[in-house]
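Note that ligands are numbered from 1 as they come in the structure, with each ligand's atoms numbered from 1 the same way. Note that the coordinates shown come from a computational prediction; the quantities given were computed from them, not determined experimentally.
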Amino acid sequence: MPVPKDQASALKKLETLKTEIRHHDHQYYVLDRPSISDQDYDRLFQELLDIEQAFPALVTPDSPSQRVGGAPIDAFEKAPHRQPMLSLSNSYSPEDIGAFDERVRKVLERSGEVTYFCEPKFDGLAIELIYEDGVLTGALTRGDGTVGENVISNVRTIRSIPQKLSLKNPPALLEVRGEILMFKKDFAALNEAQQEAGTVPFANPRNAAAGSIRQLDSRITASRTLRMFAYAPGVIEGEIFKSQEEFETYLAKAHLPTVGIAPKDESFEDFAARSEKALKAFASGKGEPVALARLCKGADEAIQYYHFIEKVRKLLPFDIDGIVCKVDNYRLQQELGFVARSPRWATAAKFQPEQGETVIREIAIQVGRTGALTPVAIMEPVKVGGVTITNATLHNQDEIDRKDIRVGDTVVIQRAGDVIPEVVRVIEAKRSKSSVPYKIPHKCPICSSPASKEEDEAVLRCTNILCPAIVKESLKHFVARRAMNIERLGDKMIETLVDEGLVGSFSDLYRLTFDQLIALERQGEKSVSNILESIENSKSTTLPRLIFALGIRFVGETTAKTLASHFGTIEKLEAASLEDLLAVKDVGPRVAESIAKAFKNKTLRKEVADLQKLGVHYEEVKKKTKALGSTALEGKKFVVTGTLPIPRDDVKDLIEANGGVVSGSVSKKTDYVLAGEEAGSKLDKATELGVAILDWDGFQALLNG
Ligand code: IVH
């Protein structure tokens with residue numbers, strides 16, 4: 001798209017683009033119902049950026065381009081809340097909902113049932129968004145309840161929070177409160193990246209969300225996926241609401257993210273049955289987000305709601321720690337008023353945290369692929385939330401010091417984000433007098449080489465690149481499915497091969513012989529030939545896989561692909577200077593330095609040469625997407641759904657290798673939907689839109705021209 005020539009038409013075009021992008025953001029981030037392919041979205045965004053670059057005066061704070069974060073700041077500005085941010089009285093037992101209801105009815109002098117607006121209690125951090133004439137102008141943390149910090153630069157990077165409300169006549173002032181949190185899946189991905197980068201992982205999604213929102217560098221916040229749920233009014237001028245239901249309905253209409261309200265005309269049993277089914281489907285990747293708030297009649301339904309939400313808690317994409325029960329009617333809320341710092345019209349009923357108590361037998365040190373020493377508590381087995389737990393990572397020395405965790409301690413443990421076991425605290429009363437603080441030895445537990453910390457890092461690393469633990473972990477990475485894909489070499493086998501001294505490097509795998517393998521315990525002829533065959537098959541690979549397999553720090557799959565298409569051969573990548581590397585799109589200084597450093601190492605260069613001498617080869621990458629195949633699918637847009645004969649990632653690679661593009665959602669622009677077994681809503685959508693549907697055979701036919 002050409003950039004408009006004059007400012008007036010640029011402004012007009014910008015407005016259209018902003019509205020369009022805002023619409024797609026809402027569809028994608030709030031409704032989880034993408035309305036456009038990633039490529040088309042990127043195109044719109046690029047067009048907006050081009051125009052803003054040509055007309056910098058037209059860049060406004062509410063532009064989608066401002067969501068990427070800006071230069072770091074020294075500190076957040078403190079700002080008073082127009083209305084104090086209070087907290088809720090809370091309890092851990094559903095019976096207290098009954099007591100709450102009695103109090104409410106007593107104050108209101110009511111004998112009949114009160115209607116309660118019930119919703120999950122989100123486990124994140126409270127935030128207040130300020131919209132003036134419909135435009136987001138501030139975002140305050142709770143702080144001490146009276147004065148908060150303005151974290152607007154970070155909040156702007158959260159895609160589900162509109163910069164501008166989708167309302168024809170927005171109120172002069174709308175303060176809305178809610179919770180910022182991180183979805184479990186985004187938390188898992190972030191921690192994986194933290195681990196890869198050698199930085200300390202977060203203990204749970206709430207900490208990750210809190211840490212991200214308090215970042216002084218908003219570009220870091222922008223790189224993490226945060227979400228929000230809006231649930232309470234602050235000061236509002238120019239709009240009056242009669243009830244919580246009306247308020248949250250209005251928020252959703254304005255495109256603010258809420259949990260959604262379940263239909264009113266449904267019995268509790270129907271609500272529970274329908275929602276549980278829908279939540280299960282959604283958790284397995286089907287269907288749409290499920291509305292979780294519900295109007296409940298009296299204490300009985302509110303208590304049923306508590307039990308229902310507790311039951312489905314693990315199916316939700318985010319952490320919650322209870323339910324909040326609010327008198328729905330705002331006039332009644334006003335009548336009820338406040339006691340001390342809590343409203344009398346609402347209560348929080350928390351769930352029993354899934355915690356357990358056990359004893360730490362020992363603290364073991366694991367050595368990772370990058371040499372990182374990770375302390376792990378080995379505990380007396382204990383059941384928490386139905387799962388037996390024996391190990392919990394203690395992350396690093398700082399974490400151990402902070403909680404003062406010692407061998408022999410009795411500790412409280414819980415499953416962070418409902419999955420990863422975490423030591424919450426030590427029960428000091430049960431500590432033996434002879435216990436001493438724990439220090440991670442500055443020595444690798446495997447090879448006894450000295451361990452050291454790099455600048456800015458909390459992690460100790462073994463410095464010996466030939467350390468058997470590092471070798472084992474590196475080999476496990478090398479043979480992984482997304483790397484060299486040597487299927488038959490499992491973790492156990494790799495360990496045996498290293499322990500037996502048969503393998504000490506990547507290239508050694510290709511030197512293994514039948515006689516060596518058959519001599520190992522529990523190996524039959526069949527399994528040995530299977531191993532050798534899968535090693536042989538792996539020789540024919542691709543450059544991105546080979547680069548990724550080498551396990552260079554910070555070089556994940558995506559970076560490996562970028563490097564492959566930029567350099568085309570492994571030799572050119574090896575020869576690249578720091579400047580050459582920095583010139584690659586999406587490669588920053590940290591990554592560039594790590595690559596340059598890795599290839600300075602003669603051992604690695606010799607390894608790469610040996611691998612190729614032993615038969616490892618790939619087709620040269622000439623052009624980004626077409627190197628590996630034909631142009632049979634040139635420019636065609638695909639959506640892949642259902643179960644296919646080969647892994648989904650490989651199908652994607654295949655399409656891209658033949659010039660096609662893969663996107664996640666079906667739209668009118670989709671050329672083909674490739675549907676495997678048990679294809680669901682995407683297939684329905686394709687039928688609805690009249691998009692061509694291919695089965696696996698049809699796809700093969702298309703590929704082969
Ligand atoms: S309503 C007067 N609704 O829990 C406060 N709060 O101690 C009205 N929270 O400060 C708050 N989920 O940070 C409300 N659905 C929800 C909530 C919720 C989480 C948090 C919030 C609040 C604290 C209460």
Side-chain angles (χ1 to χ4, degrees), residues 81-92 96-97 100 104 116-129 139-149 151 155 175-183 204-207 209-210 213-214 226-236 241 243-249 251-252 256-262 289-296 302 305-306 308-310 312-313 316-330 332-351 353:
H81 294 287
R82 286 187 179 84
Q83 198 175 75
M85 274 178 93
L86 307 175
S87 55
L88 295 174
S89 60
N90 60 45
S91 68
Y92 279 97
D96 286 338
I97 296 175
F100 160 74
V104 165
Y116 294 105
F117 187 97
C118 298
E119 61 183 335
K121 185 172 187 308
F122 307 103
D123 195 9
L125 60 139
I127 193 86
E128 173 172 85
L129 305 180
L140 307 186
T141 60
R142 175 208 301 277
D144 63 1
T146 315
V147 177
E149 285 180 318
V151 291
V155 166
E175 288 185 348
V176 55
R177 289 153 182 198
E179 205 87 351
I180 300 244
L181 43 77
M182 191 177 277
F183 276 16
N204 52 50
R206 180 170 32 78
N207 286 5
I213 213 72
R214 296 198 41 79
L226 294 173
R227 317 263 177 163
M228 183 212 179
F229 286 106
Y231 52 63
V235 176
I236 298 176
F241 300 101
S243 65
Q244 180 70 12
E245 183 202 11
E246 194 183 283
F247 176 63
E248 291 207 17
T249 307
L251 295 181
L256 278 155
T258 58
V259 273
I261 310 171
V290 183
L292 289 171
R294 186 174 191 276
L295 286 163
C296 291
Y305 180 85
Y306 173 95
F308 169 70
I309 295 290
E310 184 168 40
V312 297
R313 182 182 184 185
L316 305 185
F318 46 84
D319 281 348
I320 60 172
D321 55 354
I323 65 150
V324 178
C325 181
K326 309 168 186 182
V327 171
D328 183 51
N329 187 310
Y330 279 180
L332 298 184
Q333 283 193 4
Q334 221 165 13
E335 244 178 84
L336 285 156
F338 295 81
V339 228
R341 297 191 54 76
S342 308
R344 224 178 338 216
W345 44 261
T347 191
K350 291 211 199 178
F351 300 137

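- By the ring pair (Phe, Tyr, Trp, His ring centres under 6.0 Å) test, Phe229 pairs with Phe122, Phe318, sequence neighbours left out.
- Taking Tyr330 as the reference, nothing meets the ring pair (Phe, Tyr, Trp, His ring centres under 6.0 Å) condition, with sequence neighbours excluded.
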Show the distances, to 0.1 Å, for all pairs joining an N/O atom of ligand 1 and a protein N/O atom that are shorter than 3.5 Å, listing one pair per line.
| unit_1 | atom_1 | unit_2 | atom_2 | d |
| --- | --- | --- | --- | --- |
| ligand 1 | 3 (N) | Lys326 | NZ | 3.1 |
| ligand 1 | 4 (O) | Lys121 | NZ | 3.2 |
| ligand 1 | 7 (O) | Leu88 | N | 2.9 |
| ligand 1 | 9 (N) | Tyr231 | OH | 3.4 |
| ligand 1 | 10 (O) | Arg142 | NH2 | 2.6 |
| ligand 1 | 12 (N) | Phe122 | N | 3.0 |
| ligand 1 | 13 (O) | Arg142 | NH2 | 3.3 |
| ligand 1 | 13 (O) | Glu179 | OE1 | 3.0 |
| ligand 1 | 13 (O) | Tyr231 | OH | 3.2 |
| ligand 1 | 15 (N) | Glu119 | OE2 | 3.3 |
| ligand 1 | 15 (N) | Pro120 | O | 3.0 |

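- Remark: Glu128 does not engage Arg82 in a salt bridge, criterion side-chain N to carboxylate O under 4.0 Å.
- In this view, Glu248 and Gln244 satisfy the side-chain hydrogen bond (donor to acceptor under 3.5 Å, both in side chains) rule, not counting sequence neighbours.
- At a cut-off of 3.5 Å, with distance as the only test, no side-chain donor of Glu119 or Tyr231 sits close to an acceptor on the other residue.
- For Tyr305 and Tyr116, the ring centers sit 6.0 Å or farther from each other.
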